[in-house]
Amino acid sequence: MSDSTATGVLIYAKNLEAVSLFYERVLAGTVLHADAEHKVLQSNGMRLIVHAIPSHIADSIAIGIPPEPREEQAIKPLFTVASLAAAGQIATECGGLVCGTAHDGPDIRMQNVCDPEGNIIQLCESMI
């Protein structure tokens with residue numbers, strides 16, 4: 001099978017539908033495949049797989065509303081968006097949170113957000 005996607009991320013989710021909708025909307029992604037355990041999204045040349053946590057494990061996980069950002073996570077995926085302001089608004093509408101303030105890097109503006117289950121990601125907007 002030929003695949004032009006060079007990069008991808010897999011995120012486990014207690015609530016497959018809520019988490020996949022968050023990423024689909026925030027990243028303006030396209031659903032390539034969906035079944036009872038997975039949603040595969042394509043956005044800006046990368047693939048994101050949202051994988052349902054098996055129910056026997058998910059039942060022991062408590063997610064607050066709003067979600068508590070997982071500050072101790074070992075990895076923070078970075079995604080490019082057209083507008084940080086718009087993506088932040090969508091993140092909030094989809095049950096996530098905007099974390100802190102945006103900051104500037106070389107030719108980009110960055111903002112941390114967390115998804116509906118508290119996974120922190122960084123959104124980037126080009127300043128060029």
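Being a predicted model, the structure only gives us computed values, none of them experimental.
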**Q.** 4.5 Å side-chain heavy-atom contact, Leu48 and Leu27
**A.** yes

Side-chain donor-acceptor distances from residues 84-93 under 3.5 Å, at least two apart:
residue, atom, partner, partner atom, Å
Gln89, NE2, Glu93, OE2, 3.0
Thr92, OG1, Gly88, O, 3.1
Glu93, OE1, Arg25, NH2, 3.4

Q | Ile11-Leu78 co-clustered via ILVMFWY side chain contacts under 4.5 Å | A | no

Q | Lys76 to Gln73 - nearest heavy-atom pair and separation | A | CA-NE2, 3.9 Å

(Q) Applying salt bridge (charged side-chain N to carboxylate O under 4.0 Å, His left out) as the test, list every pair that has at least one member in residues 82-92; sequence neighbours left out. (A) none

Q. Which pairs pass salt bridge (charged side-chain N to carboxylate O under 4.0 Å, His left out) with one or both residues in residues 32-44, sequence neighbours excluded?
A. Glu17-Lys39

Q. Considering residues at least two apart in sequence or located in another chain, which fulfil the side-chain contact (heavy atoms from CB on, under 4.5 Å) criterion with Ile57?
A. Ile53, Pro54, Ile61

Let me have the donor-acceptor pairs involving side chains of residues 113-122, under 3.5 Å, with sequence neighbours excluded, atom names and distances please.
residue, atom, partner, partner atom, Å
Asp115, OD1, Glu117, N, 2.8
Asp115, OD1, Gly118, N, 3.1
Asp115, OD1, Asn119, N, 3.1
Asp115, OD1, Asn119, ND2, 3.3
Asp115, OD2, Tyr23, OH, 2.7
Asp115, OD2, Asn119, ND2, 2.9
Glu117, OE1, Lys14, N, 2.7
Glu117, OE2, Lys14, N, 2.9
Glu117, OE2, Asn15, N, 2.6
Asn119, OD1, Arg70, NH1, 3.3
Gln122, NE2, Asn112, OD1, 3.2

(Q) Listing request: all salt bridge (charged side-chain N to carboxylate O under 4.0 Å, His left out) pairs with a residue in residues 98-112, at least two apart in sequence or in separate chains. (A) Asp104-Arg109

**Q.** Side-chain cluster (under 4.5 Å, hydrophobic types only) that Ile108 belongs to, other residues
**A.** Met110

**Q.** Least distance between heavy atoms, Gly95 atom then Pro67 atom
**A.** O-CD, 3.4 Å

Q: Scan residues 46-77 for pairs that pass ring-ring contact (aromatic ring centres under 6.0 Å, His included), counting only residues two or more places apart or in two chains.
A: Tyr12-His51, His38-His51

Q: Check for a donor-acceptor pair, side chain of Ser20 on one end and backbone N or O of Val50 on the other, with a separation under 3.5 Å.
A: no

Q: Check whether any side-chain heavy atom of Pro69 lies under 4.5 Å from a side-chain heavy atom of Leu97, and answer yes or no.
A: yes

Q) If you measure from CG on Leu41 to CZ on Arg47, what distance do you get to the nearest 0.5 Å? A) 10.0 Å

Q | ILVMFWY cluster, Ile63 and Leu21 together (side-chain gap under 4.5 Å) | A | no

